[in-house]
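Throughout, numbering of the chain's residues begins at 1 and tracks the sequence. This is a predicted model, so every value here is computed, not measured.
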Amino acid sequence: MADWEPSLYLRYGEYRTRPAADLAAAIPAVEAKRILDLGCGPGNSTAAAAARWPGADVLGVDASEEMLADARSAHPQFRFARCVLPEGLNALGGGWDVIFSNACLHWVPGHETLIPALFALLAPGGVLAVQMPLTMRQPVHALLAQIAAAPRWRLHVAQGARHALAPEEYYDLLCRLPGHFSLWQTEYCQPMPSHEAILEWYRGAALRPYLAALAEDARPAFEREVLAGIRKLYPPRADGSIAFSMPRLFFTVQKGAV
């Protein structure tokens with residue numbers, strides 16, 4: 001898959017960062033000296049997590065060298081390193097007071113084993129805090145799958161990577177861990193100036209697997225089909241803007257103190 005484009009990802013940085021800030025604010029009160037940000041991207045989520053604990057040792061990790069380069073430039077006060085999950089999990093070490101992951105883990109397979117493995121890296125009393133988009137409730141993801149499966153594209157486009165479980169499955173998973181957890185959902189209404197802006201939003205993340213599987217000269221036609229579908233899904237509101245809803249799943253789980 002082609003590398004991420006930090007400038008495209010942050011074109012709507014306020015909307016992408018708000019869930020990270022909300023997740024950080026929901027972390028139970030802990031004395032965090034060591035913070036790990038999984039899927040740090042260009043560092044916006046890292047800064048949101050670290051703001052609660054000034055002076056903490058903060059490490060952000062990501063699989064994208066492009067994202068890491070932007071993160072190092074924008075946030076030189078933090079450490080950043082490349083890590084591909086789940087393969088690189090053991091190299092992260094243990095004893096973390098906070099493990100933070102904003103809009104990342106739905107790209108990583110095997111949550112039934114991944115979440116307990118991350119929980120095991122926490123220090124006693126530490127907190128695992130996760131936010132992921134609820135892609136099964138986003139109509140654009142169904143649209144992408146429908147277009148990709150059409151005869152015109154099915155030989156060229158693989159389905160996008162989506163590994164998140166259903167909310168009730170996370171409940172069952174979290175209640176088996178030796179700690180206290182909270183699980184909730186939030187739906188953000190993100191006013192967008194046009195349908196093209198929604199397409200641009202998805203270019204920054206969910207469209208990437210589809211476009212990467214296409215020849216460059218085929219991408220405009222694929223995007224035109226997606227845009228036509230977006231126009232049908234999101235009629236303009238009274239002020240002419242598009243009310244773009246983004247449902248997200250959050251959970252925190254705190255490890256019992258020894």
Side-chain angles (χ1 to χ4, degrees), residues 3-28 32 35-83 85 96 98-108 127-135 137-138 140-141 164 182-194 197-208 241-252:
D3 208 339
W4 292 76
E5 296 182 39
S7 61
L8 181 59
Y9 181 82
L10 285 177
R11 200 155 293 170
Y12 297 97
E14 178 184 354
Y15 291 160
R16 296 198 189 275
T17 303
R18 182 180 174 184
D22 290 347
L23 177 62
I27 295 174
I35 300 172
L36 173 64
D37 182 16
L38 293 173
C40 63
N44 57 314
S45 63
T46 315
R52 276 198 61 184
W53 295 279
D57 176 34
V58 180
L59 172 63
V61 299
D62 202 281
S64 166
E65 292 288 5
E66 292 291 332
M67 287 291 205
L68 289 169
D70 264 45
R72 292 185 182 107
S73 175
H75 305 281
Q77 70 273 35
F78 306 134
R79 296 185 294 124
F80 294 97
R82 187 171 188 270
C83 175
L85 295 176
W96 297 98
V98 172
I99 298 178
F100 187 86
S101 185
N102 178 70
C104 166
L105 293 187
H106 58 296
W107 296 98
V108 183
V127 178
L128 171 63
V130 174
Q131 181 275 125
M132 293 173 287
L134 282 164
T135 57
R137 284 177 44 199
Q138 290 176 274
V140 173
H141 288 275
S182 293
L183 176 71
W184 69 100
Q185 301 175 36
T186 299
E187 184 155 348
Y188 295 87
C189 182
Q190 302 175 171
M192 302 293 262
S194 66
I198 296 177
L199 179 66
E200 188 175 57
W201 167 275
Y202 280 107
R203 279 196 196 113
L207 255 175
R208 293 178 58 255
S241 65
I242 313 299
F244 176 48
S245 293
M246 177 62 68
R248 296 182 181 271
L249 178 75
F250 295 76
F251 66 79
T252 63

Asp37 side, atom CG; Ser45 side, atom OG - distance, nearest 0.5 Å: 3.5 Å
Set of ring-ring contact (aromatic ring centres under 6.0 Å, His included) partners for Phe250, sequence neighbours left out: Trp184
Backbone of Phe80 reached by a side-chain donor or acceptor of Arg72 within 3.5 Å: yes
Test item: side-chain donor near acceptor, Arg18 and Gln190, under 3.5 Å: no
Distance in Å, Leu249 CG paired with Thr186 OG1, rounded so as to fall on 0.5 Å steps: 9.0 Å
Residue pair Gln138 / Tyr202, side-chain heavy-atom distance below 4.5 Å: yes
Inter-residue atom distance Thr46.OG1 - Arg79.CZ, 0.5 Å rounding: 12.0 Å
Donor-acceptor pair, side chain of Arg248 and main chain of Met132, under 3.5 angstrom: no
Whether Phe78 and His75 hold their rings parallel, tilted or perpendicular, with breakpoints at 30° and 60°: parallel
Contact summary for Leu23 and Gln131, nearest pair of heavy atoms: CD2-N, 3.8 Å
Taking every non-hydrogen atom, the tightest pair across Cys104 and Gly39: SG-CA, 3.5 Å
pair Tyr188-Pro133: side-chain heavy atoms closer than 4.5 Å: no
Side chain proximity check, Ile27 to Trp53, heavy atoms < 4.5 angstrom: yes
Rounded distance (nearest 0.5 Å) linking atom CZ of Phe251 with atom OG of Ser182: 11.5 Å
Heavy-atom closest pair, residues Ala48 and Ala24: O-CB, 3.5 Å
Close side-chain approach of Cys40 to Leu68, heavy-atom, < 4.5 Å: yes
Side chain to side chain contact (heavy atoms under 4.5 Å, CB included), paired with Cys83, selected from Leu38, Leu36, Val61: Val61
Residue pair Trp201 / Arg16: nearest heavy atoms and the distance that separates them: O-NH2, 2.7 Å
Thr17/Asn102 under side-chain contact (heavy atoms from CB on, under 4.5 Å): CA gap, chis, key distance, verdict: CA-CA 9 Å; Thr17 303; Asn102 178 70; over 6 Å; no
Heavy-atom closest contact (Gly41 atom, Asp62 atom, distance): N-OD2, 2.8 Å
Side-chain heavy-atom pair Tyr15, Met246 within 4.5 angstrom cut-off: no
Exercise: identify the closest heavy-atom pair between Ala32 and Ala56: O-CB, 3.5 Å
